[in-house]
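One-based numbering, in listed order, for ligands and for the atoms of each. These numbers come from the heavy atoms of this one structure, side chains and all, not from hydrogens, waters or symmetry mates.
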Amino acid sequence: MKKLLTLTFLVCSASLYGQNIRIQTSDVELILRVGDNGRVYQPHLGKRLSHESDLALLPQGREAYLTHGLEDYYLPALRLTHNDGNPSLLLQYVSHESKVLGEGAVETTVRLKDPKYPVEVALVYTAYTDENVIKSRAEIVHGEKKPVTLYNYASSVLHLDAAGYWLTEFSGNWANEVNMSETKLEFGKKILDTKLGSRADMLCSPMFILSQNSPAAENSGSVILGTLGWTGNFSFTFEVDHTGGLRIVSGINPYGSEYTIAKGEKFVTPEFIFTYSAEGTGRASRNFHSWARRHTLKNGTGDRMTLLNNWEATYFDFNEEKLAGIMDDAVTLGVDMFLLDDGWFGNKYPRYSDTQGLGDWQETASKLPGGVKKLVETAIGKGVKFGLWIEPEMVNPKSELYEKHLDWVVRLPNRDEYYFRNQLVLDLSNPAVQEYVFGIVDRLMTENPGIAYFKWDCNSPITNIYSAYLKDKQSHLYIDFVRGLYNVLERVAAKYPDLPMMLCSGGGGRTDYKALEYFTEFWPSDNTDPLERIFIQWGYSHFFPSKAMCAHVTSWNKTTSVKFRTDVAMMCKLGFDIMIHEMSETELQFCKDAVVNFDRLKPVILDGDQYRLVSPYDGQHMAVMYTAGTDKAVVFAYDMNPRYGEKLHPVKLQGLDAQKMYRVEEINIMPGSGSSVRLNGRTVSGEWLMTHGLELFSTSRARSVVVEITAI
Ligand code: GLA
């Protein structure tokens with residue numbers, strides 16, 4: 001070890017001081033530099049620099065991955081204590097290397113080492129050239145005799161220097177997800193974090209927008225959009241120091257999670273994922289959307305299925321006959337799949353409500369005598385695919401699983417149990433539990449290979465935090481739970497690579513990009529009131545492409561029309577969760593036509609570029625559009641609760657070619673009605689559409705317009 005340290009030092013001192021490590025995409029650049037003292041600094045983060053000669057002019061900047069115990073007085077990235085009790089860490093440059101990962105991604109690893117103690121840290125950056133997204137993580141390993149305890153272990157530190165900083169956070173609760181609010185950061189700390197254990201999201205989402213010099217704007221200004229790929233406790237700390245510099249420290253929330261690593265054991269942090277845009281949040285979101293489709297989402301470039309779900313239509317009250325009827329409805333609607341939700345399992349404690357049965361994944365014989373097998377056959381016989389809801393990480397205390405395997409349940413000794421939605425979380429840090437959870441999916445798939453889709457739910461955060469399995473390592477539970485979950489999801493992905501799955505967590509509790517590697521889409525919220533969904537889908541769209549977001553037409557807020565509800569759902573991945581017999585013939589025909597339109601326009605809506613045109617936060621209207629190249633676009637415009645006599649403005653489109661001519665055609669029109677769009681059926685220039693715009697808004701309550709724009 002000593003020999004290696006000397007060698008390392010020699011390499012540093014001989015040739016590497018002052019050298020720049022450039023982590024680049026087509027437009028964005030993060031530069032690290034080795035200082036005279038061998039430590040690594042961050043002189044630049046922002047636009048990619050094009051003049052090599054300018055690099056010499058850059059200031060040294062602040063240390064790239066700050067440690068505890070030295071001369072820095074603000075929040076460090078890494079804090080640990082050595083075997084001899086020394087609580088400090090000094091990290092010096094050892095080497096760096098870059099390799100092409102394929103598909104336009106370059107991974108740069110910067111190796112650092114303490115000159116006196118055998119602790120090594122690798123900072124790993126993956127830069128996605130075309131999408132301008134950078135991921136970064138840290139890998140920590142030591143060679144000390146006894147285990148070392150990590151107290152802070154950030155994935156990333158980013159430093160900014162601007163005249164001011166504005167932070168947009170996304171906060172909420174069940175059925176009220178991702179409310180956006182922006183604050184100016186002043187001296188000191190602002191922390192966004194959660195400690196929900198089994199999920200990242202609910203009260204606060206694991207994502208932020210940081211705007212420099214002025215509040216965030218859609219089409220101008222320097223912004224960073226950041227998120228963490230971790231399905232558990234996260235933390236983003238924004239700290240403005242006495243010089244006006246801002247550091248953003250991102251990673252797992254270290255709360256209650258001191259983590260001990262043995263000699264040679266590598267601690268790998270989750271990836272912090274960010275993009276920078278000098279043209280506002282719209283461009284930054286499009287970076288994320290393209291990156292997610294191309295590099296992260298399960299089957300990100302593949303097709304998505306429309307569906308009819310039975311949850312809001314039946315809740316727990318169904319039988320084979322009723323479900324067969326709903327499958328017929330799916331056929332009538334023209335959707336691809338019927339999705340059976342909660343309530344199909346449990347025999348000793350049948351799942352007639354959410355108070356029992358969770359954990360017992362055998363079909364309820366009294367409700368479904370033919371089991372899943374018969375349901376799959378019935379669906380296939382009718383020409384629709386069959387999808388199934390599961391919540392395999394959870395248990396009701398009223399279940400056979402709880403009775404048999406109390407030691408598999410996260411629960412405290414000597415305390416009353418506290419329930420969130422009448423249930424408890426299984427201890428996924430325990431390999432036996434991982435095996436059991438994998439086995440649920442595996443058994444269902446082996447017995448019923450016709451299952452075409454899973455909705456994987458997780459309705460409870462971790463409560464009563466204690467693991468019988470972890471014994472004296474209780475502070476590992478938050479982290480090991482999530483790692484255990486990934487072990488299971490890895491196995492599912494390996495064995496069923498083509499199986500589409502929806503990620504759900506009591507609505508939008510799990511919306512992070514690590515989990516989404518295993519899922520084709522997620523359920524943003526249990527709130528399907530279209531007036532609410534306008535805000536929720538708008539909020540999530542800052543990070544997630546429409547392709548990843550399920551939106552269903554339901555009976556929530558029947559004061560709004562079926563057309564309005566459908567038009568709102570159609571700006572994401574369209575589905576239905578409604579008794580079609582509640583609809584009039586005209587409404588049903590409208591929905592059938594909408595499904596046909598959606599199928600035809602999926603390449604634009606799900607795979608195109610999204611432009612947010614009018615924010616619901618700015619008034620009583622919202623508009624977004626999607627473009628596929630410059631030849632085809634779809635525009636969605638919504639009036640929410642406008643005031644009488646309100647002044648209305650045309651919606652200026654984006655992303656078209658000013659020189660091209662386009663045909664404007666309103667679609668999703670109620671049968672028997674005419675278009676209300678002034679230029680419907682006309683051919684106008686891209687220039688007109690982008691400079692004057694289309695008059696799409698009205699003063700009617702809950703009214704919507706969908707317009708197809710086609711180059712001729
Ligand atoms: C959660 C989900 C819902 C539904 C229910 C079933 O709340 O978000 O969509 O699946 O569970 O219990």
Exercise. Apply the test ring pair (Phe, Tyr, Trp, His ring centres under 6.0 Å) to residues Trp523 and His552: give CA-CA distance (whole Å), side-chain angles for both, the deciding distance (0.1 Å), then the verdict.
Key: CA-CA 9 Å; Trp523 183 234; His552 297 173; 4.5 Å; yes
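The one candidate from Val410, Leu426, Val409 that meets the side chain to side chain contact (heavy atoms under 4.5 Å, CB included) condition with Val433 is Leu426.
Between atom CG of residue Asp577 and atom OG of residue Ser555 there is a gap of 8.0 Å, rounded to the nearest 0.5 Å.
Remark: the backbone N or O of Ser429 is paired with a side-chain donor or acceptor of Asp427 at under 3.5 angstrom.
Protein residues with any heavy atom under 4.0 Å from ligand 1: Trp311, Asp341, Asp342, Trp389, Arg421, Lys455, Asp457, Asn459, Cys504, Gly506, Gly507, Trp523, Asp526.
Arg612 and Ser285 share a donor-acceptor pair across their side chains, judged by distance under 3.5 Å alone.
Listed by chain and number, the residues in a ring-ring contact (aromatic ring centres under 6.0 Å, His included) with Trp230 are Tyr486 (sequence neighbours excluded).
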